[in-house]
Amino acid sequence: MSRIQAPPDEAQGNLTDRLLAGLPAEAVLIDPDVTASYANDMASFCPSGAPAVVVLPRTVEQVQHVMRTATELRVPVVPQGARTGLSGAANASEGCIVLSLTKMDRILEINPVDRIAVVEPGVINAALSRAVNEHGLYYPPDPSSWEMCTIGGNIGTASGGLCCVKYGVTAEYVLGLDVVLADGRLMSTGRRTAKGVAGYDMTRLFVGSEGSLGIVVRAVLALKPQPPQQLVLAAEFASAAAACDAVCRIMKTEGRGALPQKGGGGRRAGGHVPSLLELMDRTTVKAVNDLAHMGLPETTEALLLVAFDTPDPAADLAAVGALCEAAGATQVVPADDAAESEMLLQGRRLSLTALEAVKGTTMIDDVCVPRSRLGEMLDGIEQIAGKYQLTIGVCAHAGDGNTHPTVCFDAGDADESRRARESFDEIMALGLRLGGTITGEHGVGVLKKEWLAREIGPVGVEMQRAVKQVFDPLGILNPGKLF
Ligand SMILES: Cc1cc2nc3c(=O)[nH]c(=O)nc-3n(C[C@H](O)[C@H](O)[C@H](O)COP(=O)(O)OP(=O)(O)OC[C@H]3O[C@@H](n4cnc5c(N)ncnc54)[C@H](O)[C@@H]3O)c2cc1C
């Protein structure tokens, strides 16, 4: 990470005074004990610096004032949501202004005819979800951190979640944005209409840009009609390979002529469209049981959770259950009702937190491979865990091929920490070899900077740097991230 020198004391005073000219006193935090608590997101191994000041604006004008001040004084700015990020993308740089958007947390509009919501960036994902449900609407992107993370952070990292296998990721739901640029100007991108192709897709450019191009201060989000309550099925497998085979069978489409005359043995022309298709390996299942005493089956090597939110989920689960059995499932247990379904999902959502409790620290990989290569990915991860003598638990958005191999280690043990970092890198190399990407949804941040260059190549990096230069010629927006 590039280290930016802390400003001298008189410059610090000047910075605070200038910020206070456009912000109320309670929105400008300078107590070092308090500002230090804004230094990191939730990623391990990512360097961070001490912020000079933390600002908590409540209006667009206040954000503009912060950016104008930063431009005039050449001070770096690090935008932050809830700091649940897993790549160091929200980590402070030395002497920066931390621009926390958490106080801009109003839902400005929910429109059931246009099927959109207009929100400020600090709205918590789950709060939006519940609010739109009241109108019979649904905001699908649902990271497991949904009770904590913000829409601004979701846009910054292009978040995914459990239901993305059917409904897609954050990028598919952001229709338009208001963005405060590095020099304080306000730019609107996109639209609130169902369609629109006027000019370059600047909205999409900002999704996943990790706070490096501008500050999102308002977002127009697409909504779906609320689907029926989903029902979940749990399938146990004696090997990860068999579970991955089941994933392929579930997702594979068939031409109508290819199906046998009666029933199709769980197969369906056009393939199945589960509303989630998740995997937890034995390490993860045990970690969740140890943390939350959920009674998940620990003898199984891999547990698949499949759900449908169709008009007849029980019929779809029965068909998919047959496919799991054909792939070698040792047990297939459909949930009785919505409450039992939610309990199973709760176990999945706890996976990363539970794995952290195994040895105190984790490094969470986010490699996404074509789902047809998922079995090879899991096999390779097992070999890497053996090679480095480490516990690596795997939970995965299996239907998307998006794995979270989570390296559990003791940060106080230098040798184990070194092995953890090396295995983390080797997992990314494996993902690239299998035609995948180093990050499906957590972003690059600081943690995977050198790997971004490996994935997109020198020309790709050059073009991305050129885009950054247009939006941020002084390099003050979240410096040291991505490249
Ligand atoms: C237990 C746990 C489970 C998780 N599960 C998932 C999961 O299932 N799927 C998933 O995708 N992620 C998951 N995450 C990662 C994380 O929650 C997401 O990346 C989330 O989108 C981050 O939101 P945040 O509000 O915490 O943003 P932060 O971490 O604060 O910021 C993330 C990035 O966005 C930028 N940013 C924030 N707000 C703005 C803004 N207004 N304008 C411009 N840039 C901004 C920041 O600079 C940073 O680069 C999980 C994390 C945890 C701890």
Side-chain angles (χ1 to χ4, degrees), residues 38-44 46 57 60 63 66-67 76-93 96 98-105 119-126 141-165 169-171 174 177-182 206-219 276 278 291 345 348-357 362 364 366 368 395-397 400 402-404 406 439-447 471-472 477-482:
Y38 286 80
N40 295 91
D41 66 13
M42 293 198 185
S44 307
C46 294
V60 174
V63 175
V66 172
M67 293 313 303
V77 175
V78 177
Q80 287 184 351
R83 288 184 292 113
T84 66
L86 295 171
S87 65
N91 280 9
S93 43
C96 74
V98 161
L99 174 50
S100 170
L101 283 308
T102 48
K103 300 286 186 202
M104 293 179 71
D105 61 355
V119 302
E120 292 185 329
V123 170
I124 302 291
N125 181 298
D142 62 340
S144 297
S145 53
W146 70 322
E147 294 281 6
M148 300 177 279
C149 64
T150 65
I151 295 297
N154 296 168
I155 293 170
T157 52
S159 270
L162 302 194
C163 68
C164 296
V165 64
V169 295
T170 299
V174 185
L177 294 171
D178 282 357
V179 180
V180 174
L181 299 176
F206 276 93
V207 180
S209 64
E210 302 188 8
S212 67
L213 300 179
I215 313 297
V216 172
V217 289
R218 200 183 68 117
L276 67 86
E278 296 287 313
L291 184 78
L345 295 189
R348 168 62 188 88
R349 288 198 192 100
L350 278 175
S351 296
L352 297 181
T353 310
L355 285 166
E356 193 171 345
T362 51
I364 304 166
D366 177 35
C368 189
C395 54
H397 307 299
D400 296 322
N402 190 180
T403 64
H404 294 315
T406 303
T439 175
E441 57 182 20
H442 293 167
V444 173
V446 186
L447 198 56
F471 282 95
D472 183 21
L477 272 169
N478 213 3
K481 314 295 163 44
L482 285 166

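Indexing begins at 1, ligand by ligand and atom by atom, following the structure's order.
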Next on the checklist: Can you report which non-hydrogen protein atom sits closest to atom 46 (C) of ligand 1, along with the distance?
Outcome noted: Pro79 O, 3.2 Å

Checklist entry - Looking only at protein heavy atoms, which one is nearest to atom 18 (C) of ligand 1, and how far off is it? => result Ser159 OG, 3.6 Å

[X] and ligand 1 - part of the residue with a heavy-atom distance under 4.0 Å:
| X | value |
| --- | --- |
| Val216 | both |
| Asn478 | side chain |
| Pro121 | side chain |

When you compare ligand 1 with [X], is there at least one nitrogen or oxygen pair between them that comes in under 3.5 angstrom?
| X | result |
| --- | --- |
| Thr150 | yes |
| Thr84 | yes |
| Asp41 | no |
| Ala82 | yes |
| Gly160 | yes |

Going by the closest heavy atom to [atom], which one wins out of [options]?
| atom | options | result |
| --- | --- | --- |
| atom 8 (O) of ligand 1 | Gly211, Ser144, Pro141 | Ser144 |
| atom 34 (O) of ligand 1 | Gly85, Gly156, Gly443 | Gly156 |
| atom 9 (N) of ligand 1 | Gln80, Met104, Glu278, Glu441 | Glu441 |
| atom 30 (O) of ligand 1 | Gly214, Ala43, Gly81 | Gly81 |

Hey, which atoms in ligand 1 end up nearer than 4.0 Å to a heavy atom of [X]?
| X | answer |
| --- | --- |
| Glu210 | 47 (O), 49 (O) |
| Leu86 | 14 (N), 15 (C), 50 (C), 51 (C) |
| Met42 | 53 (C) |
| His442 | 10 (C), 12 (N), 13 (C) |

Donor-acceptor under 3.5 Å ([X] side chain, [Y] main chain):
| X | Y | answer |
| --- | --- | --- |
| Asp41 | Ala89 | yes |
| Arg83 | Met42 | no |
| Gln80 | Ala90 | yes |
| Thr170 | Ser159 | yes |

Item to check | pair Thr157-Leu86: side-chain heavy atoms closer than 4.5 Å | outcome: no

Checklist entry - Tell me, do Asp105 and Ile124 make a side-chain contact under 4.5 Å, heavy atoms counted? => result no

Item to check | Glu210 bridged to Lys481 by N-O distance under 4.0 Å | outcome: no

Checklist entry - Using 30° and 60° as the class limits, which term best fits the ring planes of Phe471 and Phe206: parallel, tilted or perpendicular? => result perpendicular

Checklist outcome for this item: Tested for side-chain contact (heavy atoms from CB on, under 4.5 Å) against Val78, the lone hit among Leu477, Leu99, Asn478, Asn91 is Asn478

